[in-house]
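All remarks here apply to the structure that follows.
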Amino acid sequence: MKNIIAKTLIGVVGLSFAACDNFLDDNRYPETLIVDSPLYWNNPDNCELQCNRFYQYFYGFGSGTGYGNFYFNTLSDDQCGNGFTDWKFTNIPTTSSTYNTAYIVIRGANIIIEKVGASSLPDAQKNNYIAQARLVRGYEYYQLVRQYGDVILADHVLDIDSPELYGERTSRKTVMDFAFEDMKFAAENLTLDKGKQKFSKDLAKAMLSELCLFEGTFWKYCTEADNYYAPDQTRSNTYLNYCVTYSEELLAKYPISDDYRALYQSIWTASGGLTGLSSNSEVIFATQYEKDVFMHSTVDYTCSSTSQSGISKDAFDAYLFKDGKPLALTSEDTSDAGEAVDSLKGADNNGHGLSIKKLLAVRDNRLALTIDSVVYYKGMSWSRAGSMQSTSSSGYGISKYDNVAIAVDYRSTAGKNYTCSPLYWGAVIALNFAEAKAELGTLTDADLAKSLNLLYKRAELPDQTVASLSGMNDPANNMGVSSLIWEVRRCRRCELIMDNDFRYWDLIRWHQLELLDNTKHPNVLLGANVKNTLVPAEQVTGDYINATFGKNRVYDARQYQYPLPSDQLNLNPNLKQNANWVN
């Protein structure tokens, strides 16, 4: 899957492919004479062109009819449906585009680093291009490590007979330290301080915030049995402190916007405008889409005839109530049963629909901005603002990404959606900051004032203090962590639901994949309460929609690492499979 962030890359750069070497896409060995020539790299336009090719690997909402990392890609306790009973992998793949593409990009980055480093460009200009390549190289190694654990580290351009190609995997600690240094170099040497569609110092800091939170929490919660490494508290603290540092540098620069859904429904306009991506103060880096130029399908999958992958009962129950309390402790009405209403468009065999407006009115406002106010499912379809009749696997339809101001054809047709996709933004940084401080035991009320309380305000919830969060003691806390950390994680879940595959990787780094086992935690694959209407018996468990029609997802510890593709194992006898995947 490939997409390009800025319109200019589709036009000007795309037309240039025929005129110069496309080493990144072709991964050519040896490099053609054009790229191997020092004169080529002495020209800043050529350096810029080759660095720009990296933008296509930040997927956002996807490209054309392909999947992106929002809504589609979520294997977690947030969404449910038949497709969600399977894990990321059920068998060892013969080959993997995920694995291969990462090393193609890394090779391209290494070529830029070496060729530009040997060029005659001024040092500052040279370092800017090297920084772009190192930022992307560090990002790719971060992705590889969290997927596969130990991986082969290539810090220079390899030939087909380079011994590194046939060596053993490098320790994940070494590779993550390497990725950290790459991103750190980028944060110090990129020319741009900020730029929503360009590599910048602030983007590098946002990536560092993410990497450091992942690494800091991974080493706190990992187990030798499942992750091949025992916990390392010293390393955990080091990276969590780095996360705090880089996050804090960004908090004030990207203030939380008042409109939650504007992050996902923005439309690019030349001047930015009220609906424009460029006018959103919260966005650090984003994928820019444009009508009839570069489009995606994320919206179509939430307002067309294709059944939606709705949120789970587990996710629904996670949202706080208006009094700032969880389900077990609130004084608000805790009913989750929809109200039968005759006048709803779309009805079951009784001639009724199910409205959940009253249920949403007493909960965290982000829930009402994420799902529809009507429950609809197989046998009871519903149409949102003129779009096609639709159903949801769980009964809860997804409205978060749909901009109803756009013409219906551009919402309900695959490959014609043009809302812009955030990739790094203020809320993510605020959540990273608060979590790292909570894990370190240094979170203060002043920290909450510039992080979580801004998100609570947007969610129309009361402010919290460290004392109030610590004293919440929600009985639903099943992660074995303090009340404070549990509440920080809750806020993260509700804020980022279905976004950028965050929840899956959060469960990985917290060592909580066991929570995806619906035989122990049934609510992760159940949906809406439909007791007030007629639903076929095979669609429900008790009062709740069974989104998988009885299929189960059982905990599998080997999912903490992806399996290495067998073609790579055959090519390199020193490349050993992750132990839990060895039959």
Side-chain angles (χ1 to χ4, degrees), residues 138-139 142 145-146 172-173 176-177 179-181 183-184 187 201-222 227 231-256 282 284 424-456 464-470 472 477 479-496 499-512:
Y139 176 82
Y142 162 58
V145 166
R146 71 178 190 170
R172 61 169 292 141
K173 285 186 175 181
M176 284 294 254
D177 289 345
F180 172 84
E181 291 298 329
M183 292 181 184
K184 182 172 179 287
K201 292 180 179 180
D202 284 354
L203 171 59
K205 291 174 182 178
M207 287 184 175
L208 283 163
S209 169
E210 179 183 331
L211 178 150
C212 293
L213 182 65
F214 187 94
E215 194 70 351
T217 48
F218 175 88
W219 287 102
K220 181 173 181 177
Y221 295 107
C222 67
N227 308 112
D232 184 336
Q233 193 61 54
T234 299
R235 182 176 178 83
S236 172
N237 289 345
T238 296
Y239 270 95
L240 288 172
N241 276 304
Y242 281 140
C243 177
V244 170
T245 297
Y246 288 111
S247 301
E248 201 158 22
E249 290 181 17
L250 297 174
L251 287 177
K253 294 181 71 173
Y254 298 93
I256 307 301
E282 193 173 344
I284 300 171
Y424 289 91
W425 63 100
V428 177
I429 303 303
L431 289 161
N432 293 352
F433 170 77
E435 184 180 341
K437 295 278 284 187
E439 291 286 1
L440 288 165
T442 60
L443 186 67
T444 67
D445 289 348
D447 295 328
L448 287 177
K450 58 186 179 183
S451 59
L452 294 198
N453 277 338
L454 298 176
L455 302 180
Y456 290 139
Q464 299 282 1
T465 64
V466 172
S468 67
L469 295 177
S470 299
M472 194 87 76
N477 182 352
M479 290 190 176
V481 294
S482 69
S483 177
L484 176 63
I485 291 175
W486 170 258
E487 293 304 326
V488 171
R489 291 180 180 183
R490 181 206 303 278
C491 188
R492 182 180 182 89
R493 180 184 192 180
C494 297
E495 180 71 30
L496 304 179
D499 288 352
N500 223 11
D501 218 8
F502 281 121
R503 182 66 176 177
Y504 178 79
W505 293 109
D506 287 346
L507 294 176
I508 291 282
R509 63 189 177 87
W510 297 331
H511 201 265
Q512 294 291 338

Under a 3.5 Å distance rule, please check whether Asn237 uses its side chain to pair with a backbone N or O of Leu440 as donor and acceptor. no
Does the side chain of Leu250 come within less than 4.5 Å of Tyr424's, by heavy atoms?
-> no
Interatomic distance, CG@Leu484 vs CD@Glu435, rounded to 0.5 Å, equals 10.5 Å
In terms of heavy-atom contacts, Ala434 and Val488 come closest through C-CG1, 4.2 Å
In terms of heavy-atom contacts, Phe214 and Thr217 come closest through O-OG1, 3.3 Å
With sequence neighbours left out, the residues meeting ring pair (Phe, Tyr, Trp, His ring centres under 6.0 Å) with Tyr254 are none
Quiz prompt | Side-chain donor/acceptor of Ser247 to backbone N/O of Val244, under 3.5 Å | solution = no
Closest heavy-atom pair, Leu208 versus Ala187, reported as atoms and distance to 0.1 Å, is CD1-CB, 4.2 Å
Sequence neighbours excluded, the answer for side-chain hydrogen bond (donor to acceptor under 3.5 Å, both in side chains) partners of Thr234 is none
- Query: Less than 4.5 Å apart, any side-chain heavy atom of Glu487 and any of Leu452?
  - Reply: no
Applying side-chain contact (heavy atoms from CB on, under 4.5 Å) to Lys173 and not counting sequence neighbours gives Ser171, Trp219, Asp232, Arg235
Q.
Run the side-chain contact (heavy atoms from CB on, under 4.5 Å) test on Leu448 and Leu469 for me, step by step, so that the C-alpha distance in whole Å, both residues' side-chain angles and the decisive distance to 0.1 Å come before the verdict.
A. CA-CA 11 Å; Leu448 287 177; Leu469 295 177; 4.2 Å; yes
* Asked: Under a 4.5 Å cut-off applied to non-hydrogen side-chain atoms, are Asp506 and Arg493 in contact?
  -> no
Heavy atoms of Leu240 and Gly216 approach each other most closely as CG-CA, 3.8 Å
dist Glu181:CD -> Asp177:CG (nearest 0.5 Å) comes out at 7.5 Å
> Do Asp447 and Phe433 touch side chain to side chain, with heavy atoms closer than 4.5 Å?
Replying inline: yes
Does any non-hydrogen side-chain atom of Ile429 lie less than 4.5 Å from one of Ile284?
yes
Check the pair Leu507, Met479 against side-chain contact (heavy atoms from CB on, under 4.5 Å), reporting the backbone distance first and the verdict last. CA-CA 10 Å; Leu507 294 176; Met479 290 190 176; 4.2 Å; yes
For Asn500, the side-chain contact (heavy atoms from CB on, under 4.5 Å) test, sequence neighbours excluded, returns Asn69, Phe70, Phe502
When every non-hydrogen atom of Cys491 is compared with those of Tyr456, the smallest separation belongs to SG-CE2, 3.9 Å
Taken in chain and number order and not counting sequence neighbours, the residues that satisfy side-chain hydrogen bond (donor to acceptor under 3.5 Å, both in side chains) with Thr465 are Ser468
Sorted by chain and residue number, the side-chain contact (heavy atoms from CB on, under 4.5 Å) partners of Asn227 (sequence neighbours excluded) come out as Phe218, Cys222, Thr223, His511, Tyr560, Gln561
Here the pair of heavy atoms bringing Gly138 nearest to Ala179 is O-CB, 3.4 Å
Gln512 meets the side-chain hydrogen bond (donor to acceptor under 3.5 Å, both in side chains) criterion, sequence neighbours left out, with none
Quick note, salt bridge (charged side-chain N to carboxylate O under 4.0 Å, His left out) partners involving residues 238-249, not counting sequence neighbours, are Lys205-Glu249, Glu248-Lys450
Evaluate the side-chain proximity of Leu213 to Tyr246: yes if any heavy-atom separation is below 4.5 Å, no if none is.
-> no
Residues passing the salt bridge (charged side-chain N to carboxylate O under 4.0 Å, His left out) test with Glu439, sequence neighbours excluded, are Lys220, Arg489
Those residues at least two apart in sequence (or on a different chain) that pass side-chain hydrogen bond (donor to acceptor under 3.5 Å, both in side chains) with Tyr142 are Arg146, Glu210
Decide yes or no for Glu215 and Tyr242: does some side-chain heavy atom of the first lie under 4.5 Å from some side-chain heavy atom of the second? no
side-chain contact (heavy atoms from CB on, under 4.5 Å) filter on Ala427, not counting sequence neighbours, yields Ile256, Glu282, Trp425, Leu455, Arg458, Glu495
(message) Using side-chain heavy atoms (C-beta onward) and a distance below 4.5 Å, is Met183 in contact with Tyr139?
(response) yes
Under 3.5 Å, is there a donor-acceptor pair between the Asn432 and Ser209 side chains? yes
Those residues at least two apart in sequence (or on a different chain) that pass salt bridge (charged side-chain N to carboxylate O under 4.0 Å, His left out) with Arg503 are Asp77
